[in-house]
Amino acid sequence: MPLSLYPQKTYSRNYTKIYFSTNIILLIYIGVQAYLKELNEVQREAVENIEGPVLVIAGAGSGKTRVLTFRIAHMLHLGKHPASILALTFTNKAAREMKNRIAKIIGEKAAQYLWMGTFHSIFAKILRFESKAIGYPASFTIYDSQDSKNLIKTIVKEIQLDPNIYKPSDVLSRISYAKNNLVTAKSYANNAQITETDRQSRKPEISRIYQMYENRCKTSGALDFDDILMKTNYLFEKFPEILRKYQDKFKYLLVDEYQDTNFSQYQIIRRLASLHHNVCVVGDDAQSIYSFRGARIENILNFKKDYPENKVFKLEQNYRSTQNIVNAANSVIDKNKNQIKKNVFSEKEVGNKIKIVEAFTDYEEGYLIAGRINEIRFNQQVTYNGFAILYRTNAQSRILEEAMRKKNIPYHIFGGISFYQRKEIKDLLSYFRLVMNPNDDESFKRIVNYPKRGIGDASIDKLSSFAIQNDTSIWQAALMLNESNMGLGAAVQTKILAFIALIQSFNVSAMNLDAYEVARQIAISSGILKELYVDKSPEGVSRHENLQELLNGIKDFTIREKTDDEIVTLNQFVENVALLTNEDKTGEDESERVTLMTIHSAKGLEFKHVFIAGLEEELFPSKFSVTSLSDIEEERRLFYVAITRAEVSLCLSFARTRYRWGTLSDCQPSRFIKDISPDFLEFESQSISGSPFSSFKSETLNINGVQEKIQFNGLEKKKFKSFSKKTETQQVKPLEIINSKFSKIDKIRSTPNSIANNNSLGGIKTGTLVFHERFGNGKVIEIEGEFPETKATIEFEGSGKKQLLLKFAKLTLIS
DNA sequence: TGCGTGCTTCTTTTT
DNA sequence: GAAGCACGCA
C-alpha cells in the first residue's frame, strides 16, 4: 500500500475545487471574521501571529482549543497549504476533535490534508514511509507495553536473572527512560550516571537486557512506543536530506500540551523547526502531569531561551468556571514553587463554595456522590452528561460504579482497561499482526497454540531457542524445521507447519481482499470465533460480542477509508491499532450518562458538576509521590487539573476507611484539602440520610477459634472457610447489602479466593446463592443456618459438592 | 501436553 | 480483585 505522503495530485484537484473557488473563499472569510470577533485581544494575537516562534501559555479554561483551531483556520485563510501544517496533540481524541472543528470552519476537504495527530501516530506514519533508512520493514509491528514486558520477562529468564529483582515493569521503565532521553543501548552501557543508578538499585544488568531487548525487537521487526520517537530522531539526525524534506514540507508546526513533551519529542520539534522557526507551542506549566512518562516541564519553561525571537501570549481569563472554583484552584497551585507566573481569573458569577464531604467508607463515598448527583440533577434540571467523577487511580472506579448501578444512574467509564487490551481482541489482533509481519515473535507466541493446536510450551521453547541461537525470528526458525534438528517430534512438526501454512494462506488473502473480508476470514478460519461461540458462559458470550464489535469496527474502517480506486487493506487497519485507546472505538453512543475517569484522562475536558473522589493521603497524593518535592508538586498540579474541570459545582470527598487488597485500612484526609484556602470551602460532616452505611463500629469476634478484631461500618464482614480440601481462613470482606433482619442475604461481593478468582459469585438472593459465569448458570446453593455463621453447600455439575462456611459480623443498620 | 487448583503478588497516572 | 505461576494429576 503506497503511503501518500504528498498527496499533491489528488490534493490540488480537490483543493482547487473547494478552496480557490471564489464563493468558498468568501465563505471562509466571513467565517473567520465572525470568529475573530469572539476572541479576546490576547487570543486574537495568538491566532494572528503565525510566523516565527510563538509560546501560548494557556491557563485552564482559557479557550486554548479555540485558539489552536482558529489559528489553523486562519493560516488556511491566509492561503497556507493544509499539508504544510503539522499539528501534534497528545491524544487521538484531541486531534480528531480539533480536526472536526476546523472542518466546520474551512470545510472537510481541506481539513483532511492537515497533518494532525499524536506524536506517535504521525511519526509512525513517517517511519513507515522512511522505513528503509532505519532498516525496518514498512510493515513493522508496534509493540504495546504488554508486548514489551513479555519480551523483557523472556530475556530475564533466558539469562537467568532473578525475576524478583528484574521486574519487567521496572526494567521497561528504565529502558523507556533511556529512550525518552535518546540514550541508545550502547550509550546506556557507557553512561556512568545511568549505570551507577542501576548499580545502586542492585540491577546492574539492565544495560545488558536493554541491548538484548533491542536486538530482539529488531529481528521481530518491531518498534515499541518510545522507539517511534527515538527512531524518528535517529532518522532526522542521520539523514539530513530526509530531515530537510520534512522541514520543507511542514512549514508550520503546532504543539498542543507542550508542557507534557519529553526530551525525545522536544528534539523532534527542534529539528523540524530549525529551518523556518514557525513553531507554535501551547500549554500550561500548571497542568504538567506526565513526568512519570518522561515529560519535562522545562521544555515549556525554556522555550524563550530556545527561540530567542519568540512571542509569548498568556491567556489568563478563564471562561469555564465560577470565580470560587478558579480562585480555589489558584490557591492550590500557588503552593508550587516551580512555575510561570500568571494570573488566571474568572469574570463569571462567584458561584457556590466547594463542598468537602467526609464518608465512613469508600462504599459510602460512592453512595454520597450518587445521592448528590441525583439531587443536583433534580433541583437544577440538568442531564447526567453534565457530571463527572474523577479519581486518582483506576482501581477506585469499581466501587463508584457499583454505587451508580445501585442508584440507577447511567454512567460510562472513560479509559480504564482498553477495549484493545482485552484478551480476545489482542488474540485476534495478534493474528493480524503476524499476517502482516510474520517475524513478530510476541504475536507468534501468543497465538501459535490458541486456539489449542497441540503445540505446547516445550515445543515453543525449542523453536524459540533455535531462533535465538541463529539470531532470527521464531517464524524463520519454523520455516527451517525441515532442514534443522531442533529436537521436535514429528507430530508437533506437522502441527507447526500447518500453523505456518494457515498464516501464509491468510497472507495471500490479505493481499487480495479488503480489510473486513480478511479479518472475518481470519476470525473464522483460525477457530477463534468458534471457540468463543461455543462458550455460552456470560464471559464467553461477551468475548464473542467483543470480537464481533472489532469486526464491525474494521468494517466501518473499510467504508470510511475507502477511495475510488483502491481497497482498504488489513495492513492499514493494523498499522494504527496499537496506538488506539479505548476512546478511539467507533460508534460511541451519545446517551445521557455520568462520566467516570481518572484525572489524567480528564485533562482538556470540562463538566458542569465535578466530583473528585478519594482525597486521602497515600491515594491522592499517591504514596509513591510523597518522597520528593518535585513529585508532590506534580500531584498538586494533578489536583489543579481536576479542580479546573468544573464549571459550576465541585465536590471533594474522602473516606475514613478504604477497602484495599483484602484489608481495611484507615485513611487520613488529603493534605491537598488544606491547600485550598478555607474561604472557598464548605464542609459537610454528616452523611446524607438513607445511606445504608451510616454507622461505624469495631468488634472483636471469635472466628475459627481465633480472636479477631473486625471493623465494620454498616458494611458486613464475613469469614470464609473452605472445606473442600484444605481448611483456610480468608480475609474479612464486606458484603454489600443485607436486610435488617439478618436472616437473608441479598448479595455477596467476595468469596474465597478460588471462587472469587473466577468472579463467579454474582448474587445471592434470599438465602439462595446463584452462581454464574464459569461455573455455569443456575448452580444453586442452599444456605442453611443463621447469622453470623452459616454453612453453604455448592453443587457443581459432575464435580461433587463443596461446602463453605460463611461467617458474618453483626450488621448495624440505621434506617 | 493440558488442565484444575491454590498461592503469590500486585497498584499511580498513559501515548 | 485479577493475573500469573507452580504444582500435581490425567
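Numbers restart at 1 for each chain; the letters A, B, ... are given by sequence-line order, proteins then strands. Just so it is clear, the values below take in all heavy atoms, side chains as well, and ignore hydrogens, waters and symmetry mates.
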#### Entry: Closest listed nucleotide, where the reference is the side chain of A/Lys452 and the choices are B/dT12, B/dC3, B/dT14
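In terms of side-chain proximity for A/Lys452, the closest of B/dT12, B/dC3, B/dT14 is B/dC3.
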### Task
Choose from B/dT15, B/dT11, B/dG2 the nucleotide whose nearest atom is closest to any side-chain atom of A/Ser145.
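When the side chain of A/Ser145 is considered, B/dT15 is the closest of B/dT15, B/dT11, B/dG2.
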For the pair made of [atom1] in [X] and [atom2] in [N], what is the distance, rounded to whole Å?
X	N	atom1	atom2	result
A/Leu619	B/dT13	CG	P	10 Å
A/Asn164	C/dA6	CG	P	11 Å
A/Gln265	B/dT14	CD	C1'	12 Å
A/Leu463	B/dT1	CG	C1'	16 Å
A/Phe225	B/dT14	CZ	C1'	9 Å
A/Lys179	B/dT15	NZ	P	18 Å
A/Asp457	B/dT1	CG	C1'	9 Å
A/Gln421	B/dT15	CD	C1'	12 Å

So what does [X] hit on the nucleic acid, given a heavy-atom distance under 4.0 Å: a base, only sugar-phosphate, or nothing?
X	answer
A/Phe90	sugar-phosphate
A/Lys167	sugar-phosphate
A/Glu635	base
A/Lys153	sugar-phosphate

### Message
Taking the nucleotide of DNA chain B with the nearest heavy atom to each, does A/Phe119 or A/Ser625 sit closer to the 5' end?
### Response
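Closer to the 5' end of DNA chain B: A/Ser625.
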### Task
Take A/Arg392 and A/His120, find for each the nucleotide of DNA chain B with the closest heavy atom, and name the residue whose nucleotide sits nearer the 5' end.
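Taking each residue's closest nucleotide, the earlier one in sequence belongs to A/Arg392.
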### Task
Determine, step by step, whether A/Gln160 and A/Glu158 satisfy the side-chain hydrogen bond (donor to acceptor under 3.5 Å, both in side chains) criterion, reporting the C-alpha distance in whole Å, the side-chain angles of both residues, the deciding distance to 0.1 Å, and the verdict.
CA-CA 5 Å; A/Gln160 297 180 352; A/Glu158 201 179 300; over 6 Å; no
#### Entry: Backbone N/O of A/Ser264 and side chain of A/Gln267: donor-acceptor pair under 3.5 Å
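No: the side chain of A/Gln267 does not pair with the backbone of A/Ser264.
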### Task
Please list, chain by chain and in numerical order, all residues satisfying ring-ring contact (aromatic ring centres under 6.0 Å, His included) with A/Tyr290, sequence neighbours excluded.
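With neighbours one apart ignored, the set is A/Phe292, A/His600.
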In chain order, what residues pass the salt bridge (charged side-chain N to carboxylate O under 4.0 Å, His left out) check against [X], with sequence neighbours excluded?
X	value
A/Arg636	A/Asp675
A/Arg671	A/Glu617
A/Glu606	A/Arg320

At under 4.0 Å, does any side-chain N or O of [X] touch on OP1 or OP2 of [N]?
X	N	result
A/Asn449	B/dG2	yes
A/Asn394	B/dT13	yes
A/Ser121	B/dT15	no
A/Thr91	B/dT14	no
A/Lys603	B/dT13	no

### Query
After noting the C-alpha distance and the side-chain angles of A/Phe499 and A/Phe444, does the key distance pass the ring-ring contact (aromatic ring centres under 6.0 Å, His included) rule?
CA-CA 10 Å; A/Phe499 175 72; A/Phe444 189 102; 5.5 Å; yes
### Task
Enumerate the residues from residues 285-292 of chain A whose closest heavy atom to DNA chain B is under 4.0 Å, giving them by residue number; use none for an empty result.
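Here the set is A/Tyr290, A/Phe292.
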### Message
My understanding is that only residues two or more places apart in sequence, or in another chain, count here; which of them pass side-chain contact (heavy atoms from CB on, under 4.5 Å) with A/Ser622?
### Response
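If we apply the side-chain contact (heavy atoms from CB on, under 4.5 Å) test to A/Ser622, skipping adjacent residues, the hits are A/Arg392, A/Phe624, A/Ser625, A/Glu635.
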